Amino acid sequence: MTKILSHIGGKAVPPTTGQYIDKLDPRTSRKMAEVAAGSAADVNIAVEAAQAAHEAWRDMRPDRRGRILTDIARAVRGAAERLGPLERADTGKPGREMLGLMDLTSQYFEFYGGIANVDNGQIIDMGPEYHVYTRRDPFGVVGVILPWNAPLHQAARAIAPALATGNCVVAKPSEFTSSSLVEFARLAEECGLPAGVLNIVLGTGPEVGAAIGLHSGISKISFTGSVRAGQELGRIAADRLLPLTLELGGKSANIVFGDADLDAAAKGAAFGFTWNSGQWCAAGTRILVARELHDAFVAKLVEAVAALDIGAHDGATSGPITTEAQYRKILEYFDIARQNGAMAVIGGRASEGEGWFVPATVYIGVTNEMRIAREEIFGPVAVVIPFDGEADAIRIANSSDYGLAAGIWSQDIGRVHRVAGRLNAGRILVNEYSGGFVQTPCGGYKSSGYGREQGIEALAHYTQLKSVIVRL
Ligand code: NAD
């Protein structure tokens, strides 16, 4: 049986515990590999390796650091056959989705490699007797804790800006999806990334994740995952005054106004909650529809959802749920929806056959107070809620603990900007529902987290700003 090991200081390192976690195949639920069950001792070895590598990496001329990152980007593009299958096996994602995610992974290294030296501070004019400027210093060793829904993409999003700004990284992938990031670290070193600059420690959240939070050698953490784990890490961080970027969950509203192009809105809304089998933090799972359009829209939405092809084969639009626990959680929400009195117009019951497949599901007869409208399900499940007028749509959209993303479908340009300004969410998508771009900042309002990944803004989150005041 394949054993997946941590990658520390440029080497494969077995866990100090000697223990391994069984990794099951989402397409068959059979054991496919064993993943190192690391501990605080492994985190300690990784932090020492990162600290040893830091000075040289920090002092490398930024454009040279950037060149290594763009070389990594090129290598990732050329290595789709090396990395993609590993991640495909771990997650069950079909080939088409995997190719898109590999391309995004590469784009992060392209983007941050290209801008490694563009935002290093500014000069503040205090007259001829002073020379005053700011500069951005790296934190040193940054911890990166990752979920299982888009493993390399999420990893690249945090690791590329952290490295571009001169930090070293200790990263922990989800114990359910560890193999592609370990192989990525090897590939990055083949591209010239010095050993110790990027270290991958495998294991569970309570063991390795918490140890990353507690380690005094780590000066900043980027966490992507659930609200619950984000809060646990936040408590540790509060004691240490450790800066965190938290990218958490969502229950994003996708609003279809009466003047929308209904066909485009139905297709876009279907994509918005089923991409990656709904295992997408920004998924548009609360579809708000102008009451007068409700029935016509639902008919088109059901048609668009019925045309999806969910399965393990290469051309499928999306695949299984990646973890068994998540699969069972989604099935529980089918029961909760029935108890709530909601009606499934498509899907709503477990798929037959092996593997953790869930049919794309749309509920109507839903109010925004029901649990299926308030809680993140993290599967291909959407609710449709009617609204009466613009103010009502904004009120319902904002009545949520979350605020990661929101969609607007409308041909009225005035309304688009008015509503975009009023929605409490970190990303507004108009007349398409997509993941945005690596160049656009991403992050949440309210319980969806704080700090921003992506875009030039991320550089500020991986650096500390210093003022230098020189009396001339
Ligand atoms: P999770 O919180 O269970 O795990 C995320 C990571 O945290 C894993 O590596 C896990 O091992 C680790 N972890 C768990 N408990 C921890 C603890 N106490 N201390 C430190 N680390 C700990 O989340 P998941 O189930 O892997 O991922 C799904 C969640 O991630 C969803 O809520 C989803 O919305 C969220 N997510 C958010 C974004 C975003 O950009 N906002 C992107 C993807 C996923």
Side-chain angles (χ1 to χ4, degrees), residues 100-101 103-105 107-108 111-112 146-147 149-150 153-158 160-161 222-227 230 244-257 260 264-265 267-276 278-288 373-374 376-378 382 390 393-410 413 415-462:
L101 285 166
D103 184 60
L104 273 170
T105 301
Q107 284 185 45
Y108 284 110
F111 178 64
Y112 288 108
L146 298 158
N149 59 321
H153 161 254
Q154 308 286 358
R157 186 169 80 163
S222 161
F223 173 87
T224 307
S226 63
V227 172
L244 284 183
T245 299
L246 291 180
E247 289 280 356
L248 308 177
K251 190 75 184 180
S252 298
N254 195 2
I255 310 172
V256 183
F257 284 102
K267 286 197 184 108
F271 176 83
F273 81 92
T274 59
W275 179 75
N276 206 15
Q279 303 164 108
W280 178 25
C281 51
T285 49
R286 275 190 310 145
I287 304 172
L288 313 187
R374 302 207 76 78
E376 181 183 53
I377 299 174
F378 218 59
E390 196 176 295
I394 295 169
R395 181 188 62 76
I396 300 172
N398 286 341
S399 171
S400 170
D401 293 338
Y402 294 106
L404 197 53
I408 301 172
W409 297 83
S410 170
I413 192 77
R415 163 176 279 164
V416 162
H417 292 294
R418 208 165 45 235
V419 175
R422 290 284 167 273
L423 291 173
N424 298 329
R427 179 192 288 155
I428 310 297
L429 298 147
V430 180
N431 293 333
E432 77 164 16
Y433 201 95
S434 68
F437 304 98
V438 303
Q439 292 83 355
T440 48
C442 170
Y445 284 30
K446 302 188 269 185
S447 296
S448 292
Y450 49 74
R452 292 291 177 270
E453 302 282 11
Q454 301 182 203
I456 290 180
E457 283 71 11
L459 298 178
H461 290 280
Y462 290 100

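Nothing fancy with the numbering, it's 1 onward along the sequence. Computed from a predicted structure; not experimentally measured.
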A side-chain contact here means heavy atoms from C-beta on lying under 4.5 Å apart; do [X] and [Y] qualify?
| X | Y | answer |
| --- | --- | --- |
| Lys251 | Arg374 | no |
| Cys442 | Arg452 | no |
| Tyr112 | Leu459 | yes |
| Trp409 | Val430 | no |
| Asn431 | Ile408 | no |
| Asn276 | Asn149 | yes |
| Thr440 | Gln454 | yes |

Checking [X] side chain against [Y] main chain: does a donor-acceptor pair fall under 3.5 Å?
| X | Y | value |
| --- | --- | --- |
| Gln279 | Phe378 | no |
| Glu376 | Gly250 | yes |
| Arg427 | Gly435 | yes |
| Arg415 | Ser410 | no |
| Asn254 | Leu288 | no |
| Asn398 | Leu423 | no |

Minimum heavy-atom separation for [X] and [Y], please, with both atom names.
| X | Y | value |
| --- | --- | --- |
| Ile287 | Ala382 | CD1-CB, 3.9 Å |
| Tyr433 | Ala405 | OH-CB, 3.7 Å |
| Ser448 | Leu404 | OG-N, 3.3 Å |
| Thr274 | Ala270 | OG1-O, 2.6 Å |
| Glu453 | Ser222 | OE2-OG, 2.6 Å |
| Ser400 | Lys446 | O-NZ, 2.8 Å |

- Candidates Asp401, Leu246, Leu248 - the one meeting side-chain contact (heavy atoms from CB on, under 4.5 Å) with Val227: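 Among Asp401, Leu246, Leu248, the one meeting side-chain contact (heavy atoms from CB on, under 4.5 Å) with Val227 is Leu248.
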
- In a check of side-chain contact (heavy atoms from CB on, under 4.5 Å) between Gln154 and each of Thr224, Thr105, Leu101, which one passes? Thr224

- Message: I'd like to know if the side chain of Glu247 pairs up with that of Tyr450 as donor and acceptor (distance under 3.5 Å, no hydrogens or angles considered).
- Response: no

- Message: Please verify the inter-ring angle class for His153 with Tyr108; under 30° counts as parallel, over 60° as perpendicular, anything in between as tilted.
- Response: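 The arrangement is tilted - the two ring planes meet at 30° to 60°.
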
- Message: How long is the straight-line distance from OG of Ser434 back to CH2 of Trp275, given to the nearest 0.5 Å?
- Response: 10.0 Å

- Message: Working to the nearest 0.5 angstrom, can you tell me the gap between Phe437 CZ and Leu104 CG?
- Response: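 Spacing of CZ (Phe437) from CG (Leu104) equals 10.5 Å.
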
- Item | Heavy atoms of other groups near Ile456 CD1, more than 12 under 6.0 Å | no

- Query: Can you list the residues that meet the side-chain contact (heavy atoms from CB on, under 4.5 Å) rule with Arg422, with sequence neighbours excluded?
  - Reply: Ile394

- Considering residues at least two apart in sequence or located in another chain, which fulfil the salt bridge (charged side-chain N to carboxylate O under 4.0 Å, His left out) criterion with Asp103? Arg77

